[in-house]
Amino acid sequence: MGELEGKVALVTGAGTGIGHAIASRFGHEGARVAVNYRGNAEPAERLASELTEAGARSIAVQADVSKSAEVGAMVQRVVSELGPVTVLVNNAGIEEAAPFLELDEESWNRVLAVNLTGAFLCAQACGRVMREAGGGAIVNISSVHEDLPFLENTAYCAAKGGLRMLMRNAAVELAEFGIRVNNIAPGPIATPINREALEDPETLALLRRVVPLARWGEPEEVAEVALFLASDRSAYVTGATYSVDGGLVRHTEPV
(Lines give C-alpha, C1' and ligand atoms only; values in the text may rest on other atoms or scores of the structure.)
Protein backbone atom coordinates (compact mmCIF):
# COMPACT_ATOMS: atom_id res chain seq x y z
CA MET A 1 0.00 0.00 0.00
CA GLY A 2 1.38 3.36 -1.02
CA GLU A 3 0.79 6.62 0.82
CA LEU A 4 -1.69 7.79 -1.82
CA GLU A 5 -3.51 4.51 -2.34
CA GLY A 6 -7.11 5.18 -3.31
CA LYS A 7 -6.54 8.85 -4.16
CA VAL A 8 -7.04 10.48 -7.56
CA ALA A 9 -4.48 13.17 -8.40
CA LEU A 10 -4.51 15.77 -11.14
CA VAL A 11 -1.09 17.32 -11.81
CA THR A 12 -1.01 20.24 -14.25
CA GLY A 13 1.97 20.93 -16.49
CA ALA A 14 3.22 17.43 -15.80
CA GLY A 15 4.87 16.54 -19.09
CA THR A 16 8.33 17.60 -17.92
CA GLY A 17 10.25 19.03 -14.98
CA ILE A 18 8.75 19.37 -11.51
CA GLY A 19 5.26 18.35 -12.58
CA HIS A 20 6.59 15.19 -14.22
CA ALA A 21 8.49 14.23 -11.06
CA ILE A 22 5.42 14.82 -8.90
CA ALA A 23 3.08 12.83 -11.13
CA SER A 24 5.58 9.97 -11.22
CA ARG A 25 6.04 9.98 -7.44
CA PHE A 26 2.30 10.04 -6.83
CA GLY A 27 1.73 7.14 -9.20
CA HIS A 28 4.37 5.06 -7.49
CA GLU A 29 2.64 5.77 -4.17
CA GLY A 30 -0.60 4.27 -5.46
CA ALA A 31 -2.56 7.28 -6.73
CA ARG A 32 -4.50 7.23 -9.97
CA VAL A 33 -2.90 10.14 -11.81
CA ALA A 34 -4.07 12.52 -14.50
CA VAL A 35 -1.03 13.95 -16.27
CA ASN A 36 -1.99 17.32 -17.73
CA TYR A 37 -0.16 18.94 -20.63
CA ARG A 38 -0.90 21.87 -22.93
CA GLY A 39 1.17 21.39 -26.08
CA ASN A 40 3.51 18.41 -26.45
CA ALA A 41 1.50 15.25 -25.77
CA GLU A 42 4.29 12.68 -26.11
CA PRO A 43 6.03 13.04 -22.69
CA ALA A 44 2.70 13.13 -20.82
CA GLU A 45 1.32 10.12 -22.67
CA ARG A 46 4.55 8.20 -22.11
CA LEU A 47 4.46 8.89 -18.37
CA ALA A 48 0.80 7.93 -18.13
CA SER A 49 1.54 4.68 -19.95
CA GLU A 50 4.51 3.90 -17.70
CA LEU A 51 2.49 4.48 -14.54
CA THR A 52 -0.40 2.37 -15.79
CA GLU A 53 1.99 -0.47 -16.64
CA ALA A 54 3.45 -0.17 -13.12
CA GLY A 55 -0.01 -0.67 -11.64
CA ALA A 56 -1.17 2.92 -11.10
CA ARG A 57 -3.92 3.73 -13.56
CA SER A 58 -3.07 6.99 -15.28
CA ILE A 59 -4.23 9.13 -18.18
CA ALA A 60 -2.75 12.05 -20.10
CA VAL A 61 -5.18 14.92 -20.50
CA GLN A 62 -4.74 18.04 -22.60
CA ALA A 63 -5.94 21.44 -21.39
CA ASP A 64 -4.85 25.05 -21.30
CA VAL A 65 -5.36 25.86 -17.62
CA SER A 66 -5.93 29.55 -18.39
CA LYS A 67 -9.21 28.72 -20.14
CA SER A 68 -12.15 27.86 -17.91
CA ALA A 69 -13.96 25.72 -20.50
CA GLU A 70 -10.88 23.53 -21.00
CA VAL A 71 -10.33 23.22 -17.26
CA GLY A 72 -13.94 22.17 -16.77
CA ALA A 73 -13.72 19.57 -19.52
CA MET A 74 -10.42 18.26 -18.11
CA VAL A 75 -11.81 17.81 -14.60
CA GLN A 76 -14.95 16.11 -15.95
CA ARG A 77 -12.83 13.67 -17.91
CA VAL A 78 -10.64 12.87 -14.90
CA VAL A 79 -13.70 12.23 -12.73
CA SER A 80 -15.27 10.07 -15.43
CA GLU A 81 -12.18 7.94 -16.10
CA LEU A 82 -10.35 7.87 -12.76
CA GLY A 83 -12.85 8.97 -10.13
CA PRO A 84 -13.38 12.12 -8.02
CA VAL A 85 -10.25 14.25 -7.78
CA THR A 86 -8.92 14.23 -4.21
CA VAL A 87 -5.49 15.76 -4.91
CA LEU A 88 -4.72 18.70 -7.18
CA VAL A 89 -1.22 19.95 -7.91
CA ASN A 90 -1.23 23.34 -9.65
CA ASN A 91 2.15 23.16 -11.36
CA ALA A 92 1.58 24.64 -14.84
CA GLY A 93 3.47 27.89 -15.28
CA ILE A 94 5.36 30.08 -17.75
CA GLU A 95 8.01 32.80 -17.62
CA GLU A 96 8.37 35.74 -20.02
CA ALA A 97 11.29 38.01 -19.11
CA ALA A 98 11.32 41.73 -19.90
CA PRO A 99 12.55 44.90 -18.17
CA PHE A 100 9.74 46.56 -16.21
CA LEU A 101 9.45 49.55 -18.54
CA GLU A 102 9.44 47.30 -21.62
CA LEU A 103 6.95 44.71 -20.37
CA ASP A 104 3.95 44.74 -22.69
CA GLU A 105 0.35 44.13 -21.72
CA GLU A 106 0.05 40.94 -23.75
CA SER A 107 3.00 39.31 -22.00
CA TRP A 108 1.72 40.45 -18.60
CA ASN A 109 -1.70 38.96 -19.34
CA ARG A 110 -0.29 35.64 -20.59
CA VAL A 111 1.83 35.07 -17.49
CA LEU A 112 -0.95 36.03 -15.08
CA ALA A 113 -3.46 33.94 -17.01
CA VAL A 114 -1.46 30.71 -16.71
CA ASN A 115 0.34 31.17 -13.40
CA LEU A 116 -2.44 32.72 -11.33
CA THR A 117 -5.79 32.48 -13.09
CA GLY A 118 -5.00 28.91 -14.12
CA ALA A 119 -4.35 27.91 -10.51
CA PHE A 120 -7.61 29.57 -9.47
CA LEU A 121 -9.66 27.86 -12.16
CA CYS A 122 -8.24 24.42 -11.39
CA ALA A 123 -8.57 24.87 -7.63
CA GLN A 124 -12.17 26.00 -7.98
CA ALA A 125 -13.17 23.18 -10.34
CA CYS A 126 -11.42 20.49 -8.30
CA GLY A 127 -12.50 22.09 -5.03
CA ARG A 128 -16.15 21.61 -5.98
CA VAL A 129 -15.45 17.92 -6.66
CA MET A 130 -13.54 17.59 -3.38
CA ARG A 131 -16.37 19.19 -1.43
CA GLU A 132 -18.75 16.51 -2.69
CA ALA A 133 -16.16 13.79 -2.05
CA GLY A 134 -15.66 14.86 1.58
CA GLY A 135 -12.27 16.55 1.31
CA GLY A 136 -8.96 16.70 -0.47
CA ALA A 137 -5.63 18.45 -0.83
CA ILE A 138 -4.58 21.26 -3.16
CA VAL A 139 -0.86 21.89 -3.61
CA ASN A 140 0.28 24.92 -5.60
CA ILE A 141 3.79 25.00 -7.02
CA SER A 142 4.61 28.61 -6.33
CA SER A 143 8.18 29.96 -6.17
CA VAL A 144 10.60 31.71 -3.85
CA HIS A 145 9.53 34.69 -5.96
CA GLU A 146 6.25 34.85 -4.12
CA ASP A 147 8.54 36.75 -1.70
CA LEU A 148 11.79 37.54 -3.50
CA PRO A 149 12.07 40.01 -6.41
CA PHE A 150 13.19 38.53 -9.74
CA LEU A 151 14.62 41.21 -11.99
CA GLU A 152 12.96 41.53 -15.39
CA ASN A 153 10.24 39.09 -14.34
CA THR A 154 7.63 41.39 -12.82
CA ALA A 155 4.64 39.48 -14.19
CA TYR A 156 6.00 36.18 -12.86
CA CYS A 157 6.59 37.64 -9.40
CA ALA A 158 3.18 39.31 -9.35
CA ALA A 159 1.55 35.99 -10.23
CA LYS A 160 3.43 34.09 -7.55
CA GLY A 161 2.72 36.76 -4.95
CA GLY A 162 -0.94 36.52 -5.90
CA LEU A 163 -0.77 32.74 -5.62
CA ARG A 164 0.42 33.09 -2.03
CA MET A 165 -2.72 35.01 -1.07
CA LEU A 166 -4.95 32.81 -3.22
CA MET A 167 -3.67 29.84 -1.23
CA ARG A 168 -4.19 31.54 2.13
CA ASN A 169 -7.74 32.63 1.38
CA ALA A 170 -8.70 29.28 -0.12
CA ALA A 171 -7.20 27.42 2.85
CA VAL A 172 -9.43 29.32 5.27
CA GLU A 173 -12.58 29.16 3.16
CA LEU A 174 -12.27 25.50 2.18
CA ALA A 175 -11.27 24.13 5.59
CA GLU A 176 -14.90 23.46 6.52
CA PHE A 177 -15.11 21.02 3.62
CA GLY A 178 -12.00 19.11 4.68
CA ILE A 179 -9.94 20.61 1.85
CA ARG A 180 -6.37 21.61 2.67
CA VAL A 181 -4.50 24.14 0.52
CA ASN A 182 -0.74 24.72 0.64
CA ASN A 183 2.08 26.11 -1.50
CA ILE A 184 5.52 24.79 -2.33
CA ALA A 185 8.05 27.50 -3.18
CA PRO A 186 10.96 26.00 -5.14
CA GLY A 187 14.22 27.85 -5.58
CA PRO A 188 16.76 26.96 -8.30
CA ILE A 189 15.71 23.52 -9.59
CA ALA A 190 17.47 21.56 -12.32
CA THR A 191 14.68 21.37 -14.89
CA PRO A 192 14.64 21.66 -18.71
CA ILE A 193 13.55 25.31 -18.48
CA ASN A 194 16.86 26.03 -16.70
CA ARG A 195 19.06 24.09 -19.15
CA GLU A 196 21.10 27.12 -20.25
CA ALA A 197 21.64 28.29 -16.68
CA LEU A 198 22.75 24.80 -15.66
CA GLU A 199 25.63 25.05 -18.13
CA ASP A 200 26.60 28.67 -17.44
CA PRO A 201 29.70 29.03 -15.19
CA GLU A 202 28.70 32.50 -13.97
CA THR A 203 25.25 31.32 -12.96
CA LEU A 204 26.72 28.32 -11.16
CA ALA A 205 29.15 30.56 -9.28
CA LEU A 206 26.30 32.87 -8.25
CA LEU A 207 24.19 29.94 -7.14
CA ARG A 208 26.99 28.60 -4.94
CA ARG A 209 27.28 32.04 -3.35
CA VAL A 210 23.63 32.78 -2.62
CA VAL A 211 22.23 29.29 -1.93
CA PRO A 212 23.46 28.09 1.48
CA LEU A 213 23.38 24.44 0.36
CA ALA A 214 25.42 25.53 -2.69
CA ARG A 215 23.74 23.42 -5.37
CA TRP A 216 20.74 23.09 -7.66
CA GLY A 217 17.72 21.29 -6.31
CA GLU A 218 16.28 18.28 -8.10
CA PRO A 219 12.65 17.92 -9.24
CA GLU A 220 12.38 14.75 -7.16
CA GLU A 221 13.14 16.78 -4.02
CA VAL A 222 10.16 19.01 -4.71
CA ALA A 223 8.07 15.89 -5.35
CA GLU A 224 8.86 14.56 -1.88
CA VAL A 225 7.37 17.67 -0.27
CA ALA A 226 4.37 17.48 -2.59
CA LEU A 227 3.86 13.87 -1.50
CA PHE A 228 3.85 14.95 2.15
CA LEU A 229 1.30 17.71 1.50
CA ALA A 230 -0.92 15.41 -0.57
CA SER A 231 -0.85 12.59 1.95
CA ASP A 232 -2.59 12.08 5.27
CA ARG A 233 0.71 12.75 7.04
CA SER A 234 -0.02 16.47 6.63
CA ALA A 235 -3.62 16.23 7.84
CA TYR A 236 -3.16 19.22 10.17
CA VAL A 237 -1.30 21.40 7.66
CA THR A 238 -3.09 24.07 5.64
CA GLY A 239 -2.44 27.66 4.58
CA ALA A 240 1.34 27.22 4.54
CA THR A 241 4.19 27.73 2.09
CA TYR A 242 7.03 25.20 2.17
CA SER A 243 10.29 26.51 0.68
CA VAL A 244 12.39 23.98 -1.23
CA ASP A 245 15.25 26.27 -2.09
CA GLY A 246 18.45 25.18 -0.37
CA GLY A 247 18.05 28.10 2.03
CA LEU A 248 17.95 30.81 -0.66
CA VAL A 249 15.23 32.90 1.00
CA ARG A 250 17.34 33.03 4.17
CA HIS A 251 20.53 34.10 2.39
CA THR A 252 22.12 37.28 3.72
CA GLU A 253 25.31 39.15 2.94
CA PRO A 254 27.13 41.69 5.13
CA VAL A 255 26.55 45.33 4.26
Side-chain angles (χ1 to χ4, degrees), residues 11-20 36-44 61-74 88-125 138-170 183-200 202-204 206-207 210-211 216-217 219 222 241 243-245 248-249 251:
V11 184
T12 68
T16 62
I18 291 172
H20 185 281
N36 163 256
Y37 66 95
R38 183 177 66 172
N40 185 6
E42 195 274 331
V61 56
Q62 192 278 336
D64 180 340
V65 298
S66 71
K67 298 179 179 178
S68 59
E70 294 192 24
V71 169
M74 171 175 66
L88 166 68
V89 178
N90 276 316
N91 171 75
I94 61 173
E95 294 180 20
E96 293 191 18
F100 183 84
L101 296 180
E102 308 303 324
L103 176 61
D104 60 64
E105 183 179 358
E106 290 75 18
S107 181
W108 167 271
N109 287 338
R110 277 193 300 271
V111 173
L112 269 290
V114 174
N115 295 13
L116 183 56
T117 302
F120 162 71
L121 292 173
C122 290
Q124 189 178 66
I138 296 172
V139 181
N140 302 313
I141 305 303
S142 181
S143 168
V144 292
H145 300 298
E146 69 173 44
D147 287 308
L148 295 179
F150 186 12
L151 299 183
E152 300 190 353
N153 278 274
T154 296
Y156 183 83
C157 292
K160 296 303 184 180
L163 187 58
R164 177 177 61 180
M165 288 310 302
L166 172 66
M167 174 271 291
R168 292 176 178 180
N169 260 47
N183 278 9
I184 297 175
I189 306 296
T191 62
I193 199 173
N194 292 322
R195 185 173 291 109
E196 289 186 14
L198 285 166
E199 299 171 353
D200 179 49
E202 291 186 8
T203 300
L204 291 174
L206 175 63
L207 181 143
V210 301
V211 176
W216 289 91
V222 181
T241 291
S243 296
V244 184
D245 66 350
L248 174 61
V249 294
H251 169 73

Got a sec, which residues hit salt bridge (charged side-chain N to carboxylate O under 4.0 Å, His left out) with Asp200, two or more places apart in sequence or on another chain? none
Check whether more than 12 heavy atoms from other residues, nucleotides or ligands sit under 6.0 Å from atom CD of Glu106, and answer yes or no. yes
Of all pairs that satisfy side chain to side chain donor-acceptor pair (under 3.5 Å), the ones with a partner from residues 89-98, not counting sequence neighbours: Asn90-Asn140, Glu96-Ser107, Glu96-Arg110
Any heavy-atom pair between the side chains of Thr241 and Ser142 that's under 4.5 Å? no
Please name the pair of heavy atoms, one in Pro188 and one in Trp216, separated by the smallest distance, quoted to 0.1 Å. C-CE3, 3.5 Å
Applying side-chain hydrogen bond (donor to acceptor under 3.5 Å, both in side chains), name anything that partners Glu102, two or more places apart in sequence or on another chain. none
Please, which pairs that meet side chain to side chain donor-acceptor pair (under 3.5 Å) have at least one residue in residues 65-74, sequence neighbours excluded? Asp64-Ser66
Please report the closest heavy-atom contact between Ile18 and Pro219, naming both atoms and the distance. CA-CB, 4.1 Å
Work out which heavy atom in Ile189 is nearest to a heavy atom in Val244; give both atom names and the distance. CD1-O, 4.1 Å
Side chains of Thr16 and Tyr37: does their closest heavy-atom pair fall under 4.5 Å? no
For Val144, the side chain to side chain contact (heavy atoms under 4.5 Å, CB included) test, sequence neighbours excluded, returns Leu148, Asp245, Leu248, Val249
Look at the side chain of Glu152 and the backbone N and O of Ala98, then say whether any donor-acceptor pair between them is shorter than 3.5 Å. no
Which atom of Leu103 lies closest to which atom of Trp108, heavy atoms considered: CD2-CE3, 3.8 Å
Are Phe150 and Ser143 side-chain neighbours, meaning at least one heavy-atom pair lies under 4.5 Å? no
From CA spacing to verdict: side chain to side chain contact (heavy atoms under 4.5 Å, CB included), Ile184, Val139: CA-CA 7 Å; Ile184 297 175; Val139 181; 3.8 Å; yes
Are the side chain of Asn183 and the backbone N or O of Ala185 linked by a donor-acceptor pair below 3.5 Å? no
Spacing of Ile141 atom CD1 and Lys160 atom NZ [to the nearest 0.5 Å]: 8.0 Å
Closest non-hydrogen atoms of Thr12 and Cys122, given as atom of the first, atom of the second and distance, are CG2-SG, 4.1 Å
Would you give the length of the straight line joining atom CD of Glu146 to atom CG of Leu166, rounded to the nearest 0.5 angstrom? 11.0 Å
If you count the non-hydrogen atoms of other residues, nucleotides and ligands that lie under 6.0 Å from CD in Glu42, is the total more than 12? yes
Taking side chain to side chain contact (heavy atoms under 4.5 Å, CB included) as the definition, give me every residue that meets it alongside Ala97, ordered by chain and number, with sequence neighbours left out. Asn153
For Asn36 against Gln62, the heavy-atom pair lying closest together: ND2-C, 4.1 Å
